[in-house]
Amino acid sequence: NIETLQKLILNRLDKESPFSTKGFTDEEGTELDQQVILGVLNSLLSREMVQYEVIENEIWVLSEEGSEIAEQGSHEAKVFYAVPATEAGLPISELPKLIGDAAKIGQGRAFKNKWIKKDGTNLVRQVESIVDQTQEDLRQIRDTMKHSDSEVTKELKRRKLCDNKKVVSYMVSKGSQFALTVTKQATDLTVDMLQNDLWKSLSFKQYNFDAAGIPPAGGHFHPLLKVREEFRQIFFEMGFKEMPTNKFVESSFWNFDALFQPQQHPARDMHDTFFLKEPATSDRFPQEYMERVKKVHSEGGYGSIGYGYNWKVEEAEKLLLRTHTTAVSSYMLYHLAQQPVFKPTKLFSIDRVFRNETVDATHLAEFHQVEGVIADKNLTLGDLIGFLNEFFGKMGVKNLRFKPAYNPYTEPSMEIFSYHEGLGKWVEIGNSGMFRPEMLLPMGLDPEVRVIAWGLSLERPTMIKYGIDNIRSLVGHKVDLGMIQNNPICRLDQDAHPVKAQV
Ligand code: PHE
C-alpha cells in the first residue's frame, strides 16, 4: 500500500540521500517494480518531500537458447566433447545419436574453430582441449547483465542468444518539505474548514495541471451528416456549387408555382404540405416574373397551352415548410436567368424538406433531399443519363436503369433504378428530369438553355450504410445517442457494398 511505501522511501532517504531505487526492496526483501516506485515518488514530489532524477540503463538478458548454452555449453562444444580423443574418433553418423540437434548446428563452428576435422567418414579431434568462449560470454552476461566487449554482445545478439533492454530507475534526494511522516492533504475546501479556520492549519493537495481530463461526451456527427459530407465531396469533385438552403420556410410561389405545378395539384393540399399559420403569407417574390408565371399557368405561352385555370396570387403567397429542395433550385435558376450573360452552371444542395406524411418505419414528416441541377445550352436526355451514371458510379452504384415518370416541372422525367444485390431486385433510388420550358422561359432563360436535374433522399443510403432498418432509430427522440457516438466515418466508394438511395 502507498503509505507503507512512502514511509519506506522516506526512511531510506533519512539514512542516505541521494539513493538509487535500482533493486529497491520492500520490508520482506522482494524487489519492487520501478513503475510502482515512480507512483510513490510522484505522490511525495507533489508534497515537495522528495526530488528525483530518472536514470536510464541498458542491460543485457539472455534468450531461452542463450540461457541453455550458459548452462550446458555451446553446440560446437557439445560436438567437440562427443568426439573421443582417440585416433579413430567418431563416425559422423553417430553424432546426432549422441547430441541430437546440436550435431547439425554445432559442426560448422567446431570445424571453423579447428577443434575437429573430417577423417574419411569419421570426425577426429584436432586439439586436446578447448575453451567454450560462447558459454563464458553468456555466463558473464547472465551474472552481470552486461559484457565488457560490445563486439561480443553485438555478435551474440545477432545469434539471438541475448538481447538488450532499457531499464529505468530513479536517483532520489530530499525535497524542501522532507519529513519522516506524510500528513494527509485536503483535496476540497469545505464550508466547515472556512467556518472554524481549519483551512489555516491544513495542507492542501496541489493541482495537477498535467493530468488528462475526462473526454467530453458531446461533439459527435450524426450519421446523416457523415453521409451528407460524402455526397458533398462527390458534387464538389464534379464541379458543382452548393445552393443556399438555409431557409426552411418558402412561399408556395417558389415551391410550386415557379415550378409550373398547378394550384389544384394534390401535393398542395394541407394533407401533404405544412402551411404556416403565422405569418401565413409573403409576397416577397419578383412581381414582373410572377405575372409571367400567372400567364403560363392560366393561358399558356412559349408554345404551351398552359392549364387554363384561374391562377390566384393568394395561393402563391401562402408560406409553407418547403416540400422539396427544388424550391431552392427554382429560386437559383430565376437568378441565373437575370445574369446579363449566361454561364453554364452546376448546382447542388443537401438539406431538409417537410411533408405531412403518416409516420412509419421508413417515413418521417421531415427528411433530407440530395439535389443536383445542371444548366447549359443544348443539354439532352443523354447528358442527364451520363451525369447520373457518373454521379451514382462514384458511390459504387453501377448499372442504372431508367423508367419514364411524371413531375409537373420536368419533361421527360425518369425514375432511377438500381439492382439491389441484397434484396435481389431493382429498387428506385432517385427521380430526375429536364425542366419544362413552361418553367424556364418565364424566368427569362435563353431558349437554348436546357436544365437537367435529379433528386434523392439522404436517409435511404444512410440507413443502408449504417445497417439501420427503422427511420426512428436514425432520427427523433428514440435515437440511441451511443449509436451516434460510436458509429464509424462513412466511405461511399465501396464496390463490395454499393449504397442504394431513393427519393
Ligand atoms: N423534387 C423532386 C422530388 O421531390 C425530385 C426531383 C428533382 C425531380 C429534380 C426531378 C428533378 O421528388
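Bear in mind the structure is a predicted one, so any value in this text is a computation, not a measurement. Start at 1 and go down the list; that is how both ligands and their atoms are numbered.
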message = Considering both backbone and side-chain atoms of Tyr409, is one of its nitrogen or oxygen atoms within less than 3.5 Å of a nitrogen or oxygen in ligand 1?
response = yes
request  = Say whether, by atom type as modelled, one donor and one acceptor occur between the side chain of Arg352 and the main chain of Gln369 under 3.5 angstrom.
outcome  = no
task = Before signing off on this row, confirm whether His324 and ligand 1 have an N or O atom pair separated by under 3.5 Å.
result = yes
inquiry  = Would you say Asn255 and Thr323 are linked by a side-chain donor-acceptor pair, where the criterion is simply a distance under 3.5 Å?
reply    = yes
ask   = Quick check: are there more than 12 heavy atoms from other residues, nucleotides or ligands sitting under 6.0 Å from CG of Asp197?
value = yes
query = Taking Phe348 as the fixed residue, which of Met238, Arg232, Lys241, Glu371 is the one that meets the side chain to side chain contact (heavy atoms under 4.5 Å, CB included) rule?
reply = Arg232
task = Indicate yes or no: does an N/O atom of Gln369 lie under 3.5 Å from an N/O atom of ligand 1?
result = yes
query = Of the choices Val353, Thr326, Thr410, Asn407, which has the non-hydrogen atom that lies closest to atom 1 (N) of ligand 1?
reply = Thr326
remark   = Within the 4.0 Å heavy-atom cut-off, what Met434 brings close to ligand 1 is neither
ask   = Would one find an N or O of Ser432, backbone or side chain, under 3.5 Å from an N or O of ligand 1?
value = no
Atom indices of ligand 1, in the order listed, that fall short of 4.0 Å to a heavy atom of Arg355 = 3 (C), 4 (O)
task = Determine the sole option in Tyr409, Trp254, Phe354 for which the ring-ring contact (aromatic ring centres under 6.0 Å, His included) test with His324 is passed.
result = Tyr409
message = Using a 4.0 Å cutoff against the non-hydrogen atoms of Ala453, which atoms of ligand 1 qualify?
response = 9 (C), 11 (C)
note = In Glu390, Met395, Lys394, the residue satisfying side chain to side chain contact (heavy atoms under 4.5 Å, CB included) with Phe392 is Met395
